[in-house]
Amino acid sequence: MSKILVVDDEVQIRTLLSRMLELEGYEVCQAGDCRTALKQLEFQSPDVALCDVFLPDGNGVDLVSSIKKTAPNVEIILLTAHGNIPDGVQAIKNGAFDYITKGDDNNKIIPLVSRAVEKARMNVRLEKLEKKVGQTYSFDSVLGDSKALKDAVSLARKVSGTDVPVLLTGETGTGKEVFAQAIHYNSKRAGQNFVAVNCSSFSKELLESEMFGHKAGSFTGALKDKKGLFEEASNGTIFLDEIGEMAFELQAKLLRILETGEYIKIGDTKPTRVNVRIIAATNRNLPEEIAAGRFREDLFYRLSVFQIHLPPLRERAGDVRLLAKAFVKNFSARLARPVTDITPAFLEALEQQPWKGNIRELRNVIERSLIVSEGERLDVADLPLDIQNAHYEQSDETSPDSFELSAMERRHIARVLEYTKGNKTEAARLLKIGLTTLYRKIEEYGI
């Protein structure tokens, strides 16, 4: 139930307004002056305040500012016996939802309160959403205890409060976009757009149109003016992923934005100005690209004012277990799979992997494991066959039982199953054993 605060020094009017609102299903609290109204805000948490302009200890127009400082989500409707334009203008400037005259506008009060309540609820929803976004993209959400990762996070925290360009380097799947988002949402531009574009996903012509926009008629199919992504990101941040893939000709336009804050759209004659922060990322060695003539040296130096290298997962000792447990928790909720336990062997098998695809590959493996799992416990058998085989081979090499015939048979059956992509009928044919025998051995060896 929504709550309304009625502020008026005249008891009869206050009582009448309260009764009207209660009949509409609202919960009502009352105050006869500014001081009591501010106290009610603290204890009652109303959604809307219906407030008289002339009060014994102050002015309702000024009270709007005080209420907004104390409770910014509360919407305020001012009531006055003698409306005047200057007061109305000032009330709106101070944050009032509306300013109406008593008597003449009585029939407007209930619909107006209804709209104000909806706006107040929206304010609360937006505040919760902003908090959730802030938590999702905070540096605390970057999981890992390794020194290499902590050093990268420390640098990102320091640069987030500035407007300088940032170049993120590292292998594919190391979390460069996550870092870019964290830098943006912890900067003074957090309330503005974050726009991400993968420079390797478009042809040169399409990328130019997407990034910089075009004028109608500038080429076949350009039927109307198009805003580019740089305009969409103005006052915010643009993330240019795989910057090393950008066509050499487009690099000059990007350099001009970095130097002057302006560029010329396709088919236009006058420059477009933007105020945008650029964060770029690459998995390429840009100095080598410069030497090969594929990347502009001057652009590299402008982009790499502040460079952060993200370490690959294989160099982050101990982080695999931490990330795996976090992914299991996330996917367990998302896929409605109540996994409550992870075996040590499962985590050990993950730690033995080189993870060439880094965090992205680990994430995909965990998601697949939860999909194929049947109980509440994740074990090695839930992992892809190649990871299972690698784990058992490595375990066998260090085991005193590694030369046992059963150990060799287990490895061989696992390899054949991997070859047949899990087709047990085909595996039994290749092994020249019965399908029932194969099932028995799979169960016996825990393949």
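Each residue takes its place number in the sequence, starting with 1. Basis for what follows: all heavy atoms, side chains included, without hydrogens, waters or symmetry-related copies.
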Please answer whether the main-chain N or O of [Y] pairs with a side-chain N or O of [X] as donor and acceptor at a distance below 3.5 Å.
X	Y	answer
N186	A182	yes
R368	D382	yes
R363	F327	no
S154	K150	no
S332	R337	yes
E242	T282	no
Q40	Q30	yes
D379	T343	no
W355	R360	no
S304	F306	no

Do the side chains of [X] and [Y] get close enough for a salt bridge, i.e. N-O under 4.0 angstrom?
X	Y	result
R321	E351	yes
D8	R14	no
R284	E245	yes
E297	R302	no
E361	K356	no
K188	D163	yes

Check your understanding: Taking the six-membered ring of F212, is NZ or CZ of K253 closer than 6.0 Å to its centre and within 45° of its axis?
Key ->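 Verdict for F212: a cation-pi partner in K253.
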
Any side-chain heavy atom of [X] within less than 4.5 Å of one from [Y]?
X	Y	answer
F179	T174	no
L254	I278	yes
L303	F295	yes

**Study point:** With K265 via side-chain hydrogen bond (donor to acceptor under 3.5 Å, both in side chains) - residues at least two apart
**Key:**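 If we apply the side-chain hydrogen bond (donor to acceptor under 3.5 Å, both in side chains) test to K265, skipping adjacent residues, the hits are E231.
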
Point to revise | Identified salt bridge (Lys or Arg N to Asp or Glu O under 4.0 Å) partner of R294 from the options E289, E249, E288 | key: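 Considering E289, E249, E288, a salt bridge (Lys or Arg N to Asp or Glu O under 4.0 Å) with R294 is found only for E289.
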
Review point. Could you walk me through whether R277 and F239 pass the side-chain contact (heavy atoms from CB on, under 4.5 Å) check?
Key: CA-CA 9 Å; R277 184 187 196 169; F239 173 56; over 6 Å; no

Check your understanding: Which distance, rounded to the nearest 0.5 Å, do you find between the CG of L21 and the NZ of K3?
Key ->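 Taking CG in L21 and NZ in K3, the distance rounds to 13.5 Å.
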
**Study point:** Where at least one partner belongs to residues 30-55, residue pairs that pass salt bridge (Lys or Arg N to Asp or Glu O under 4.0 Å), sequence neighbours excluded
**Key:**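 Those involving residues 30-55 are D52-K102.
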
Practice item. Verify side-chain contact (heavy atoms from CB on, under 4.5 Å) between I238 and I279, making sure each step is shown before the conclusion. Key: CA-CA 6 Å; I238 191 165; I279 301 177; over 6 Å; no

Does the side chain of [X] pick up a donor-acceptor pair with the side chain of [Y] at under 3.5 Å?
X	Y	answer
N283	E171	no
N123	E75	yes
N275	S234	no
E27	S2	no
Q251	R296	no

Review point. Please walk me through it: do Q90 and K93 pass side-chain contact (heavy atoms from CB on, under 4.5 Å)?
Key: CA-CA 5 Å; Q90 189 59 49; K93 282 184 178 179; 4.2 Å; yes

Exercise for review: Applying side-chain contact (heavy atoms from CB on, under 4.5 Å), run through I359 and D319 and close with a yes or a no.
Suggested key: CA-CA 10 Å; I359 299 169; D319 286 354; over 6 Å; no

Review point. So with a 6.0 Å cut-off around NZ of K329, is the heavy-atom count from everything else above 12?
Key: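 Count not over threshold, so no.
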
